[in-house]
There are 2 protein chains.
Amino acid sequence: MWLRAFLEVARQGSFTVAARTLGWTQSAVSRQISSLEGALGGGPLFDRLPRGVRLTEAGRVLVPYAEGVAEALQGAGRELAALREVAGGRLRFGAFATADAALVPHALAAFRARHPGVEVTREEGFTPGLLDRLTAGHLDLAVVSTTGGARLEAYELHHLLDESLYVAVPGGHVLAGGGPVRLGRLADADWISGSPRPEGTLLEVALRQGFRPRVAHVVGEWTAKQGYVAAGLGVTLVPALAAESVRPDVVLLPVLDEGAPARAVYAATVRGRSSAPAVEAFVGALREAVGRIPHASPHTPPHPSPPTSRTMA
Amino acid sequence: MWLRAFLEVARQGSFTVAARTLGWTQSAVSRQISSLEGALGGGPLFDRLPRGVRLTEAGRVLVPYAEGVAEALQGAGRELAALREVAGGRLRFGAFATADAALVPHALAAFRARHPGVEVTREEGFTPGLLDRLTAGHLDLAVVSTTGGARLEAYELHHLLDESLYVAVPGGHVLAGGGPVRLGRLADADWISGSPRPEGTLLEVALRQGFRPRVAHVVGEWTAKQGYVAAGLGVTLVPALAAESVRPDVVLLPVLDEGAPARAVYAATVRGRSSAPAVEAFVGALREAVGRIPHASPHTPPHPSPPTSRTMA
DNA sequence: GGCTGCCATGCCGAACTCGCATCCGTCAGT
DNA sequence: ACTGACGGATGCGAGTTCGGCATGGCAGCC
């Protein structure tokens with residue numbers, strides 16, 4: 001193209017030498033320069049001397065601009081390459097709170113170690129809000145769960161794990177120290193939950209077990225919930241992802257679930273929207289993190305999660 | 001070209017609208033973007049949505065670079081246009097000392113008023129040195145004279161004027177107050193000259209008149225010469241261009257020359273080297289200045305100078 | 001369900017690009 | 001002064017690209 005021809009000729013002071021350097025023929029260079037001069041319409045860019053050529057004033061004026069163009073082009077190439085190799089660009093993701101307990105920190109640590117050039121920004125939120133921000137283009141990726149009744153079908157879902165559930169009971173509880181329990185045995189218990197109604201929360205599983213739990217205290221924050229449980233004010237459900245960060249005076253009992261697991265966790269992207277390589281890499285990091293965290297906490301055998309990516313149709 | 005297509009699509013968010021804006025067809029835009037994406041090899045630059053398109057991360061990265069390229073291109077166009085219209089660029093010229101007395105200042109004033117955007121640099125020197133610097137590419141234009149025996153043939157010459165000569169005599173000189181004189185009447189006078197030998201100087205004309213002038217004092221600087229003349233130490237030749245700046249106690253007598261004028265003054269450029277429009281404009285300003293200065297000083301009728309440009313072959 | 005808006009693509013003619021060979025002007029060495 | 005070498009310009013021909021036209025496919029909307 002004319003840009004390389006011009007700059008090379010300006011550097012070399014000769015069409016022939018420039019052609020050799022570029023791996024072209026002399027005639028190609030001659031034509032490129034000639035057509036460039038024609039296109040600019042401002043007279044010749046080089047004076048043709050018996051010994052090679054020499055920049056005219058117009059050519060001298062053009063040089064810095066041509067260099068600027070070449071630099072920008074080269075810079076674009078570099079940055080796009082960095083993007084391909086996940087050494088640049090940005091990654092904006094969101095996750096629900098309990099995923100931030102262990103899953104996301106592990107994945108993030110591994111990702112940042114492997115791809116220090118990527119600018120990562122993180123958000124916390126509930127699944128429906130995260131999906132909205134995904135759709136609006138404010139997020140590239142969202143770690144979401146099936147809890148909350150959000151319409152996941154519209155998104156590209158990368159399955160991360162199926163979470164088992166625990167019941168958190170105070171240290172002195174009658175069931176403490178025992179093994180896995182059926183949820184039905186807690187039908188009469190006081191429950192601590194983030195919402196007065198079980199629908200759309202983890203407590204939904206209770207409905208499937210045939211009872212409607214009595215929500216004695218509405219507490220949203222996880223630490224606060226533990227406090228209420230430890231004080232003997234009630235019991236609560238704990239997803240496996242949060243099992244790691246439980247205080248010692250609260251006992252976790254695995255819930256025996258017949259059939260389907262309590263909830264699935266996905267990395268979601270907008271369907272049909274191409275995702276940057278960093279997104280793929282982060283999904284990979286999330287997958288690895290799944291294997292690393294003890295989501296099979298004390299008392300239960302590890303819960304295997306299929307490594308395959310799945311798109312809900 | 002791909003640049004305009006990409007930027008316009010990025011701005012408009014639609015191939016079709018961008019095509020309308022550019023005066024192209026939608027298919028042309030589609031192909032341009034498609035081939036650009038292929039060339040960059042880093043995946044699509046736009047996500048194709050049902051409602052137009054949307055930049056991907058790669059596209060978003062590319063935008064500033066593309067804008068940089070477009071800006072540089074546009075800037076180059078602007079500056080080249082300025083160069084064409086003599087509203088930019090630079091002009092480096094040199095002139096011999098007596099041309100700087102009136103001719104060059106007048107021309108320079110007119111030129112700078114008309115073309116304030118041009119950066120002008122000036123040098124002073126003797127004709128041979130100026131021509132060397134012209135050849136070396138340090139000057140774009142040189143105001144030179146035939147005095148000095150320089151090889152003018154190799155240069156592109158724009159004739160400015162043919163200079164008449166004056167003899168400067170002290171106020172009380174016997175010839176003072178008389179009219180034009182023949183040089184032969186001063187064959188026995190003491191001469192003040194810049195060189196002990198008349199060859200290559202204005203005094204060369206004396207040789208053509210059949211006598212070898214006796215150089216009593218070698219004085220180079222014009223003001224100093226006048227001092228020597230005023231003090232009665234001798235007489236000296238004064239070119240018409242310097243006639244304006246003579247002190248009142250020195251009298252100028254027009255020299256009667258039979259045949260050829262004493263010397264010609266040219267604006268010289270390097271032959272075959274394309275000259276910037278500013279050079280042409282400055283030559284024009286010099287021509288106008290020739291008409292404006294009283295190179296026909298007291299005592300002589302104006303000496304017409306042909307306005308045609310001439311190349312010595 | 002038909003309609004509309006938007007992008008992709010097969011096809012074709014026009015234009016461009018490049019390499020090859022050759023020509024022209026200048027310079028250097030004999 | 002003649003000749004060979006060097007450097008750029010140019011006619012020619014083949015391969016490629018480019019742009020327009022028409023069409024197809026897909027999603028959303030009345």
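Labels below follow one simple rule: chain letters A, B, ... track the order of the sequence lines, proteins then strands, and each chain is numbered from 1.
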Given B:L134, which partner from the list B:D140, B:V144, B:L139 fulfils the side-chain contact (heavy atoms from CB on, under 4.5 Å) test? B:L139
Salt bridge flag under 4.0 Å for residues A:R92 and A:E123: no
Salt-bridge present (A:R271, A:E156; N to O < 4.0 Å): no
Identify whether any heavy atom of B:V53 sits under 4.0 Å from a base atom; if not, whether one sits that close to sugar-phosphate; answer base, sugar-phosphate or nothing. sugar-phosphate
To the nearest Å, give me how far apart CG (A:L36) and P (C:dT17) are. 11 Å
A:M1 has an atom CE; how far is it from atom P of C:dC18, in whole Å? 11 Å
Which letters describe nucleotides 23-30 of chain C, given B = protein heavy atom under 4.0 Å from base, S = only from sugar-phosphate, - = neither? ---SSS--
C:dC18 C1' sits how many Å from A:Q32 CD, rounded? 9 Å
Protein-nucleotide distance (A:E37, atom CD; D:dG8, atom P), rounded to Å: 13 Å
Could you tell me how far apart A:F46 (CZ) and D:dA9 (P) are, to the nearest whole angstrom? 11 Å
What is the distance from CZ of A:R4 to P of C:dC18, rounded to the nearest Å? 11 Å
Ring-ring centroid check B:F6 B:Y65, cutoff 6.0 Å: no
Verify the ring-centre separation between A:F96 and A:F126: is it less than 6.0 angstrom? no
Residues in contact with DNA chain D, drawn from residues 12-26 of chain A - heavy-atom cutoff 4.0 Å: A:S14, A:F15, A:T16, A:Q26
With no hydrogens and no angle check, just 3.5 Å: does a side-chain donor-acceptor pair link B:Y266 and B:T146? no
Atom pair distance, as rounded to whole Å: CZ in A:R271 and P in D:dC26: 16 Å
Is there a donor-acceptor contact under 3.5 Å linking the side chains of A:D47 and A:T56? no
Using only heavy-atom distances, decide whether a donor-acceptor pair under 3.5 angstrom links the side-chain of B:S27 to the base of C:dC7. no
Would you find more than 12 non-hydrogen atoms of other residues, nucleotides or ligands less than 6.0 Å from A:E199 atom CD? yes
Interatomic distance, B:D47 CG vs C:dC7 P [rounded to whole Å]: 13 Å
Ignoring hydrogens and angles, answer whether the base of C:dG19 and the side-chain atoms of A:R31 contain a donor-acceptor pair closer than 3.5 Å. yes
B:E280, CD atom: more than 12 neighbouring heavy atoms under 6.0 Å: yes
